[in-house]
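Per chain, numbering begins at 1; letters A, B, ... match sequence-line order.
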Amino acid sequence: MNTTLHISSARLGDPFVAQIEKISGQNLLACYQCGKCSAGCPMAAHMDVLPNQVIRLAQLGMREQLLAARSIWICVSCLTCNSRCPKDIKIAEIFEALRQTVLRGGNRADHLEIRELTPEARGALPPIAMISALRKQTS
Amino acid sequence: MMGNENKPMKLIYYPGCTLKNQARNFDVSTVSSMAELDVEVEELARWNCCGTVHALSSDNIMNRVAPVTNLIRVKEAQASEFMTTCAMCYNTLKRANIEVKKRADVLETINDFLSLEETKYAGDVDVLHLLEYLRDRIGFDKLAEKVKKPLEGLRVACYYGCLLVRPKEVAFDDTENPTIMENLITALGATPVPFPMKTECCGAYHTVDKPEIIAERTDKIMGSANEEQADLVVVSCPLCAFNLDFRQDDARRLNPDFHHLPVLYFTQLMALAFGCDDSALRFDLHHIDPQPTLAARGLA
Ligand code: SF4
Ligand code: SF4
Ligand code: SF4
Ligand code: SF4
């Protein structure tokens with residue numbers, strides 16, 4: 001992604017920031033960027049934007065970058081970050097709020113197409129896998 | 001509170017859908033080993049899927065309806081508590097319960113939505129995981145007395161995954177280094193091995209459309225168990241079991257040095273140690289057959 005950010009205080013009061021804080025129930029500005037969430041994240045190797053960077057971008061209201069990030073679909077809500085954050089921020093809830101912002105956007109932006117799976121794959125997968133994948137990635 | 005000599009204790013049991021499908025080995029080994037402990041397990045009448053995941057968004061009340069409906073069914077069974085074994089069911093049911101106990105407005109909305117139900121939910125049911133039931137109600141020392149075939153020499157890596165230990169408010173043991181399963185298998189005569197990856201996530205539902213992530217996770221987690229010379233890994237979640245067992249071929253493709261290890265439910269080890277017959281074990285449902293490993297230890 002583009003590493004140049006144009007930061008202005010105007011973004012802080014952005015409705016996008018307020019919406020993420022409301023859905024997640026978290027205070028984004030509590031994060032002081034220690035990086036502990038990213039250090040322990042089991043999915044970090046598969047992410048384009050690391051968890052602490054996601055929080056930073058959210059603080060700054062970088063809506064487009066965040067909603068297009070692959071990371072928000074890679075986070076599996078394992079809650080490792082939540083249980084280790086020294087500021088008690090629920091990072092996984094912020095990821096959920098970002099996924100929900102995309103899924104509630106009105107244009108059926110589902111991130112899982114069951115029809116694309118082969119019938120064999122569908123037959124082998126247990127309900128616990130199917131139901132959780134659908135709950136997390138479709139509206 | 002052990003049952004008195006001739007009257008077994010009764011316990012309401014929520015199996016969840018995967019235990020009635022791919023994970024029938026988890027279901028039958030639970031019911032059989034509980035019978036050996038003189039606990040009569042009664043399957044909850046009219047249970048429904050819990051929804052598998054707790055919605056992390058504060059405004060999603062809809063996803064709390066399925067777990068709360070199950071709590072209503074427990075009340076209708078004249079019980080004030082029930083037990084489940086699947087880590088995901090446990091987590092989802094327990095989190096919904098904690099939340100409606102804390103947020104009266106959410107509980108009221110759900111009860112209104114379920115207005116056709118005769119029973120209202122009032123936060124008056126407790127959710128228990130079988131592991132905590134065994135530790136706190138039976139006691140591992142009492143459980144050890146029921147062992148007919150001690151699992152001597154069997155080296156076991158206990159895998160907790162995420163949902164038994166996170167978040168803190170649902171955990172019934174230390175979140176970073178839980179030992180409840182190690183204590184259980186020690187009571188069965190087996191030897192727990194150190195297992196640094198025991199609470200590392202297996203990748204969960206990514207198994208549906210991103211199996212390459214599961215292959216990487218399975219390689220690391222099972223690789224760590226293998227380094228500790230474990231004979232097998234035990235779990236308490238049918239999704240962990242699916243990923244760590246059925247995705248081993250993918251892990252092997254990723255890493256040619258990957259070494260296959262069987263994955264069992266902790267209830268299967270109980271059934272084995274209590275001398276239950278093969279129908280309580282259902283080793284036919286595994287991808288990596290545990291029987292050669294068990295036979296090598298004189299246990300099959
Ligand atoms: S662990 Fe908490 S405080 Fe540290 S960077 Fe992550 S969210 Fe911020
Ligand atoms: S909840 Fe998501 S961001 Fe947090 S550690 Fe787990 S995968 Fe990483
Ligand atoms: S979590 Fe899974 S096994 Fe448990 S009830 Fe839901 S789908 Fe079924
Ligand atoms: S290890 Fe995987 S399947 Fe098991 S509880 Fe964690 S995410 Fe779920």
Side-chain angles (χ1 to χ4, degrees), chain A residues 19-26 40-47 70 73-84 88 90-101 103-104 110-114 116-117 121-139, chain B residues 16-23 49-60 62-63 66 86-89 91-92 161-163 165-168 170-171 175-176 197 199-214 216-217 220-221 237-243 246 287:
Chain A
Q19 182 185 331
I20 297 303
E21 291 201 326
K22 180 166 176 284
I23 299 177
S24 68
Q26 304 304 303
C41 174
M43 294 295 133
H46 307 276
M47 288 183 170
R70 175 175 148 89
W73 305 102
I74 296 296
C75 163
V76 274
S77 306
C78 75
L79 308 187
T80 307
C81 51
N82 286 17
S83 78
R84 294 180 185 168
D88 264 329
K90 293 180 175 145
I91 299 103
E93 272 79 342
I94 295 166
F95 273 90
E96 181 100 333
L98 292 164
R99 283 188 293 272
Q100 285 299 316
T101 301
L103 295 173
R104 295 175 189 182
D110 288 354
H111 273 63
L112 177 65
E113 265 304 336
I114 287 296
E116 285 172 13
L117 300 173
R122 260 181 283 162
L125 287 163
I128 195 168
M130 285 288 213
I131 299 166
S132 51
L134 284 165
R135 281 227 156 169
K136 287 299 221 182
Q137 304 179 94
T138 65
S139 53
Chain B
C17 25
T18 304
L19 275 77
K20 295 295 174 185
N21 288 281
Q22 281 88 340
C49 174
C50 66
T52 73
V53 283
H54 176 73
L56 297 177
S57 37
S58 60
D59 57 355
N60 184 337
M62 200 42 139
N63 282 11
C86 164
M88 270 177 116
C89 302
N91 191 285
T92 306
C162 318
L163 299 172
V165 291
R166 293 187 289 270
K168 263 188 203 78
V170 310
T175 53
E176 294 286 346
M197 301 289 277
T199 61
E200 279 278 321
C201 172
C202 71
Y205 57 84
H206 283 328
T207 203
V208 174
D209 60 336
K210 299 176 193 75
E212 66 285 358
I213 291 184
I214 309 299
E216 179 265 322
R217 295 273 84 205
K220 286 218 175 71
I221 294 165
C237 169
L239 186 51
C240 307
F242 180 77
N243 287 343
F246 284 76
H287 180 59

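- Both the backbone and the side chain of Ala92(A) come within contact range of chain B, with heavy atoms under 4.5 Å apart.
- At a 4.5 Å heavy-atom cutoff, the contact between Lys136(A) and chain B is made by side-chain atoms alone.
- Neither the backbone nor the side chain of Ala121(A) comes within contact range of chain B; no heavy atom of the residue lies under 4.5 Å from a heavy atom of that chain.
- In this structure, Cys78(A) and Cys201(B) approach most closely via the heavy-atom pair CB-CB, 3.6 Å.
- No part of Arg122(A) comes within reach of chain B, as not one of its non-hydrogen atoms sits under 4.5 angstrom from that chain.
- Within the 4.5 angstrom heavy-atom criterion, atoms from both the backbone and the side chain of Ile74(A) approach chain B.
- Leu117(A) touches chain B through its side chain: at least one heavy atom from C-beta onward sits under 4.5 Å away, while N, CA, C and O do not.
- Looking at Lys220(B), there are no atoms closer than 4.5 Å to chain A (heavy atoms on both sides), in backbone or side chain.
- The contact between Cys75(A) and chain B is made entirely by backbone atoms, counting heavy-atom distances below 4.5 Å.
- Here the side chain of Asn60(B) pairs a donor or acceptor atom with the backbone of Met62(B) at under 3.5 angstrom.
- Of the possible polar contacts, one joining the Thr18(B) side chain to the Ile128(A) backbone as a donor-acceptor pair under 3.5 Å is found.
- Interface check for chain B: of the options Arg99(A), Met43(A), Gln100(A), Lys90(A), the most heavy-atom pairs under 4.5 Å are formed by Met43(A).
- With values rounded to the nearest 0.5 angstrom, Thr199(B) atom OG1 is found 12.0 Å from Leu79(A) atom CG.
- Contact annotation for Glu93(A): both backbone and side-chain heavy atoms come within less than 4.5 Å of a heavy atom of chain B.
- The CD1 atom of Ile91(A) sits 12.0 Å away from the OG atom of Ser77(A) when rounded to the nearest 0.5 Å.
- Residue contact with chain B, scored on non-hydrogen atoms closer than 4.5 Å, is absent for Glu116(A).
- In this structure, Arg84(A) pairs ionically with Glu176(B), as a charged nitrogen and a carboxylate oxygen lie closer than 4.0 Å.
- Ranked by heavy-atom pairs under 4.5 Å with chain A, the list Thr207(B), Thr175(B), Asn63(B) is led by Asn63(B).
- With rounding to the nearest 0.5 Å, the separation of SG in Cys202(B) from CZ in Phe242(B) is 11.0 Å.
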